[in-house]
Amino acid sequence: MSNLIDIMSLYPKDMNIYGDSGNVLTVTRRLALYGYKPRVTAYNQGDPWPDHVDMILGGGGQDTGQKKIIDDFFARADTLRGLAADGTPMLMICGLYQLFGEYFETVDGARLDGIGVIGAYTVGRDVRMIGNLVEHCDGFGDVIGYENHSGQTFLHDGVRPFGHVDAEGCGNNGQDHTEGARVRNVIGTYMHGSLLPKNPAVADFLIRTAVERRYGAFDPERYQTPELAAELDRLNRTAERARAVAASRPR
C-alpha cells in the first residue's frame, strides 16, 4: 500500500494522562485528510514490537506509571535509540520526555534511569508547575499547551530546547526559560492539552517527516480529494479558535 503510515502509541495504558491520547487522534485524522492511510499500533509492556514504525507518540504519566513501564522500556531502549538516531519522528510528553533523557530523580530520592536520547536530566521538586503555557518555537511559531509537572528538567549545553517561555516559574525548570527539547526529529515537551489539536504546525511536521522518510516525498495532492481538503481547512480554523481561547486563559 503506497500511502500507508505506521504510527505507534507508546505505553498508552500507563502513560496517557491530561488528554495525551488526543495527539494520536489528531495525527491519524490529519493523515487521513491528506489522503494517507494511518495504521495505529498501541504498544504496552510485553507486547510484540511491530514490523514497521514511521512515527512514535508517547504521553505523560504519574511516577507510578513510569515505574510500571521501566523494565519493558529498557528492554526496548536500543530499538528506540536506533529509531531516534535514524530520524524517526517522535513526540514524547512529560513522563516519557523525562525518560528519554538521562535520568529522573523523584522527589523521594529514587532514581529512574532514562535511555539517553535527549541530553537532559530531571529532578523531582515539591513545587508543581501547572497552568496554561505559550512558548516560542523555531519553525512552529507560538506553541500553546498546558503544563503540569513537579519534575524540573535541565538540558545539557548544546541541546536544543523545543521552545522558550517568557515568564519565570514555568517551562523545563522555572529558571532558564527553556521548554522541552529537540534532538534530530524527536520532540520532548511538558505540553499537555492535548498538544497537537491546537498546534497543527507540530502535527504536520511529524506527518511530513514520517511520510518523506518512508516514501521520499509528501504528496497530498496525489491522494487528497476536495472534500478532504475542505475538512482539513475546517479543522485548521477550529484549531485557530482553540488556540486563541487557550492563549487568553490565565495560568
Side-chain angles (χ1 to χ4, degrees), residues 10-12 14-24 26 56-66 69 73 89-107 112 114-115 117-156 159-183 186-199 201-203 205-206 243 246-247 249-251:
L10 189 62
Y11 303 120
D14 293 301
M15 304 298 288
N16 177 23
I17 57 174
Y18 308 129
D20 291 334
S21 61
N23 293 325
V24 179
T26 297
I56 303 180
L57 304 173
Q62 305 292 346
D63 293 355
T64 53
Q66 291 176 309
I69 69 163
F73 186 61
M90 305 184 189
L91 175 65
M92 297 295 139
I93 308 293
C94 199
L96 279 172
Y97 165 40
Q98 294 168 347
L99 292 179
F100 262 61
E102 294 173 355
Y103 67 85
F104 171 44
E105 184 177 300
T106 65
V107 70
L112 295 175
I115 61 172
V117 170
I118 297 170
Y121 64 92
T122 301
V123 179
R125 301 294 192 209
D126 291 324
V127 176
R128 178 167 290 272
M129 288 183 279
I130 181 170
N132 296 295
L133 194 62
V134 177
E135 63 181 281
H136 316 299
C137 300
D138 291 343
F140 302 122
D142 285 350
V143 171
I144 297 169
Y146 185 88
E147 65 174 347
N148 187 351
H149 59 105
S150 57
Q152 296 186 11
T153 297
F154 297 88
L155 307 181
H156 292 313
V159 177
R160 179 184 180 187
F162 180 43
H164 292 85
V165 294
D166 294 329
E168 302 286 345
C170 59
N172 275 332
N173 52 57
Q175 302 171 33
D176 62 12
H177 297 273
T178 67
E179 200 290 312
R182 286 186 69 180
V183 176
V186 176
I187 296 173
T189 178
Y190 280 112
M191 300 283 252
H192 297 283
S194 50
L195 175 68
L196 297 184
K198 292 192 295 292
N199 296 279
V202 182
F205 163 77
L206 297 167
R243 286 168 55 81
R249 289 174 177 162
R251 286 180 61 82

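Phe205 meets the ring-ring contact (aromatic ring centres under 6.0 Å, His included) test with Phe140; sequence neighbours excluded. Legend: residues meeting side chain to side chain donor-acceptor pair (under 3.5 Å) with Asn16, ordered by chain and number and at least two apart, are absent.
Expressed to the nearest 0.5 Å, how far NE2 of His164 lies from NE2 of His177 amounts to 9.5 Å. With values rounded to the nearest 0.5 angstrom, Thr178 atom OG1 is found 9.0 Å from Phe154 atom CZ. Taken to the nearest 0.5 Å, the CD atom of Gln175 stands 8.5 Å off from the CD atom of Glu168. For the atom pair Leu99 CG and Ile115 CD1, the distance stands at 8.0 Å (nearest 0.5 Å). With rounding to the nearest 0.5 angstrom, the OG1 atom of Thr26 is 9.0 Å from the CG atom of Leu195. Expressed to the nearest 0.5 Å, how far CG of Leu57 lies from CD1 of Ile93 amounts to 8.5 Å.
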Inset, instruction - Report the C-alpha distance between Thr189 and Glu135 in whole Å, list the side-chain angles of each, state the deciding distance to 0.1 Å, and finish with yes or no for side-chain contact (heavy atoms from CB on, under 4.5 Å). - result: CA-CA 11 Å; Thr189 178; Glu135 63 181 281; 4.1 Å; yes
Legend entry - Glu105 vs Tyr121, side-chain contact (heavy atoms from CB on, under 4.5 Å): CA-CA, chis, key distance, verdict: CA-CA 8 Å; Glu105 184 177 300; Tyr121 64 92; over 6 Å; no
Legend entry - Met92 and Ile118: CA distance, side-chain angles, deciding distance, side-chain contact (heavy atoms from CB on, under 4.5 Å) verdict: CA-CA 11 Å; Met92 297 295 139; Ile118 297 170; 6.0 Å; no
Legend entry - Step-by-step side-chain contact (heavy atoms from CB on, under 4.5 Å) determination, Leu91 to Leu196: CA-CA 10 Å; Leu91 175 65; Leu196 297 184; 3.9 Å; yes
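Of all non-hydrogen atoms in Leu133 and Val165, the two that sit nearest each other are CD1-CG1, 3.9 Å. Looking at every heavy atom in both residues, Met15 comes nearest to Leu96 through CE-N, 3.8 Å. Nearest heavy-atom pair across Met191 and Val143 is CE-O, 3.3 Å. Counting all heavy atoms, side chain and backbone alike, Ser194 lies closest to Gly22 at OG-CA, 3.4 Å. Across all their heavy atoms, Gly119 and Glu102 have their closest contact at CA-OE2, 4.1 Å. Of all heavy-atom pairs between Arg128 and Ser150, the closest is NH2-OG, 3.7 Å.
Note: His192 and Tyr18 have perpendicular aromatic rings, judged against thresholds of 30 and 60 degrees for the angle between ring planes. Between Tyr11 and Phe73, the two ring planes are perpendicular [angle over 60°; tilted spans 30° to 60°].
Counting non-hydrogen atoms of other residues, nucleotides and ligands closer than 6.0 Å to CG of Asp142 gives a total above 12.
Shown are Asn172, Asn148, Thr153; of these, the side-chain hydrogen bond (donor to acceptor under 3.5 Å, both in side chains) with Tyr190 is made only by Thr153.
Looking only at side-chain heavy atoms (C-beta outward), Asp176 and Leu155 stay at 4.5 Å or farther from each other. Inter-residue side-chain proximity for Pro197 and Asn23 is flagged as met; some heavy-atom pair is nearer than 4.5 Å. Counting heavy atoms from C-beta on, the side chains of Gln152 and Val123 never come closer than 4.5 Å. Counting heavy atoms from C-beta outward, Tyr103 and Leu112 have side chains that stay 4.5 Å or more apart. With contacts defined as side-chain heavy-atom distances shorter than 4.5 Å, the pair His149/Thr122 does not qualify.
At distances below 3.5 Å, at least one donor-acceptor pair connects side-chain atoms of Arg251 with backbone N or O atoms of Ile130. The closest donor-acceptor contact from the side chain of Asp20 to the backbone of Gly60 lies under 3.5 Å. For the pair Gln66 (side chain) and Gly95 (backbone), a donor-acceptor distance under 3.5 Å is present. In this structure a side-chain-to-backbone donor-acceptor pair under 3.5 Å is present from Arg243 to Lys198.
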